[in-house]
Amino acid sequence: MIQSSLDLFDPHPQRLARHTLLLPGFALPELEALLDALRPVLRAAPFRHMHTPGGLRMAVALTNCGALGWVSDENGYRYTPIDPVSAKPWPALPPLLVDLATRAAAQAGFDGFVADACLVNHYLPGTRLSLHQDRDEQDYGQPIVSISLGLPAIFLFGGLQRSERPRHIPLSHGDVLVWGGEDRLRFHGVLPIKPGVHPRMGERRINLTLRKAG
Ligand code: MD6
Ligand code: FE
């Protein structure tokens with residue numbers, strides 16, 4: 001069968017699990033505006049390598065914007081209103097990002113999602129993110145909206161037990177993943193990023209996760 005060429009430009013959402021929806025290319029129409037909005041955020045709160053409570057330096061560099069930002073140090077993981085590096089509030093969440101997340105969440109059946117936190121992860125080739133659960137937010141009834149930019153990644157999509165073998169989900173530049181409900185506490189991670197240079201983003205992958213943390 002010959003695939004309609006239109007499908008290449010308007011791929012269908014893919015339901016990966018009951019409450020997990022992959023929206024291929026969903027962020028692409030607003031990509032340049034999104035990058036414009038991100039630039040001042042990264043100036044005010046540059047990427048940094050945090051440490052796990054056990055003292056290990058995280059391979060992923062990260063920062064935040066929004067009323068709350070996720071931090072990790074010797075005292076544990078938590079959301080804080082203040083960036084410990086600048087000692088100022090995190091930069092504001094760009095309205096464009098809040099709106100994109102609300103629309104993506106609605107497509108997945110989560111109406112009225114309003115993000116108050118955005119964690120920004122930076123990966124170089126070779127960087128990985130080990131299996132974890134996201135459980136520092138107040139209300140697990142709220143979904144997480146994840147936007148992938150730059151180099152492609154293999155997302156590890158596991159189960160509610162760490163021991164469950166994760167599925168491998170390819171994520172590309174502009175893809176948006178929404179998950180919540182019974183999938184909200186699934187273990188997940190990212191395999192080491194393959195070497196490469198993305199035509200728009202260069203030698204990196206950036207992932208934005210929008211959350212309702214407070
Ligand atoms: C990443 N993402 O894709 C890491 N967490 O770089 C996450 O850890 C994540 O994509 C919760 C929900 C969606 C995610
Ligand atoms: Fe996560």
Side-chain angles (χ1 to χ4, degrees), residues 13-27 34 38 42 47-50 52 58-66 68-72 77-79 97 100-101 104-105 107-108 110 113 115-160 162 164 166-194 196 198 201 203-213:
Q14 296 168 31
R15 195 159 287 281
L16 301 179
R18 195 134 106 91
H19 294 124
T20 306
L21 193 67
L22 174 59
L23 300 164
F26 189 82
L34 194 159
L38 213 50
L42 297 177
F47 288 116
R48 73 290 301 266
H49 290 276
M50 295 191 185
T52 67
M58 294 176 69
V60 172
L62 67 88
T63 188
N64 295 277
C65 55
L68 291 168
W70 186 88
V71 298
S72 175
Y77 309 121
R78 65 202 172 279
Y79 282 94
L97 270 180
L100 190 147
Q107 289 236 354
F110 299 102
F113 174 66
D116 63 4
C118 177
L119 209 167
V120 189
N121 281 150
H122 182 279
Y123 299 73
L124 291 169
T127 306
R128 65 194 283 265
L129 181 66
S130 54
L131 274 188
H132 66 277
Q133 289 173 300
D134 287 20
R135 45 189 316 156
D136 300 320
E137 299 75 24
Q138 294 287 336
D139 178 4
Y140 298 152
Q142 296 288 333
I144 296 181
V145 176
S146 160
I147 306 171
S148 290
L149 303 173
L151 290 174
I154 302 292
F155 188 70
L156 297 171
F157 186 63
L160 296 177
R162 188 183 286 279
E164 194 172 317
R167 288 157 68 190
H168 288 196
I169 310 292
L171 293 180
S172 296
H173 181 63
D175 288 356
V176 175
L177 182 64
V178 182
W179 73 357
E182 64 185 29
D183 300 321
R184 179 66 177 68
L185 291 177
R186 281 180 184 269
F187 280 89
H188 58 282
V190 178
L191 285 184
I193 302 298
K194 289 217 177 99
H198 186 272
M201 303 296 293
E203 206 173 4
R204 62 180 56 77
R205 171 174 187 260
I206 291 178
N207 177 261
L208 312 171
T209 47
L210 290 124
R211 301 131 189 271
K212 172 81 177 74

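Counting begins at 1 with the first residue of the sequence. Just so you know, ligand 1 is whichever comes first in the structure, and atom 1 is the first atom listed for that ligand.
- Any N or O atom pair closer than 3.5 Å counts here, and Y123 shares at least one such pair with ligand 1.
- T63 is linked by a side chain to side chain contact (heavy atoms under 4.5 Å, CB included) to L42, A45, F47, R48, W90, V120, counting only residues two or more places apart in sequence or in another chain.
- If you number the atoms of ligand 1 from 1 as listed, the ones under 4.0 Å from a heavy atom of H132 come out as 8 (O).
- When side chains are defined from C-beta on, L208 counts as touching L34, because their heavy atoms get closer than 4.5 Å.
- Note on D134: its N/O/S atom closest to the Fe ion (ligand 2) is OD1.
- The cationic group of R205 lies under 6.0 Å from the six-membered ring centre of Y123 and within 45° of the ring axis, placing it in a cation-pi geometry.
- Residue contacts with ligand 1, taken as heavy atom pairs separated by less than 4.0 Å, do not involve L177 at all.
- The distance criterion of under 3.5 Å between nitrogen or oxygen atoms is not met by T209 with respect to ligand 1.
- Within the listing of ligand 1, atoms 10 (O), 13 (C), 14 (C) sit less than 4.0 angstrom from a heavy atom of S146.
- Each of the following atoms of ligand 1 lies closer than 4.0 Å to a heavy atom of L129: 4 (C), 8 (O).
- Nearest protein heavy-atom neighbour of atom 2 (N) of ligand 1: N207 OD1, 3.6 Å.
- Shown here for R128 and L191, the closest heavy-atom pair between the two residues is CB-C, 4.0 Å.
- Scanning both residues, Y79 and A117, for their nearest heavy atoms gives CE2-CB, 4.2 Å.
- The nearest heavy-atom contact from the protein to atom 12 (C) of ligand 1 is W179 NE1, 2.7 Å.
- Looking only at heavy atoms of the protein, atom 3 (O) of ligand 1 is closest to R205 NH2, 3.1 Å.
- Atom 5 (N) of ligand 1 has as its closest protein heavy atom H188 NE2, 2.8 Å.
- With sequence neighbours excluded, the residues forming a side chain to side chain contact (heavy atoms under 4.5 Å, CB included) with T20 are L16, A17, F157, L177, W179, D183, listed by chain and number.
- Between the side chain of R211 and the main chain of I144, no donor-acceptor pair closer than 3.5 Å is present.
- Atom NE2 of residue H198 and atom NE2 of residue H173 lie 4.0 Å apart, to the nearest 0.5 angstrom.
- Taking a cut-off of under 4.0 Å to the non-hydrogen atoms of D134, the atoms of ligand 1 that pass are 5 (N), 11 (C).
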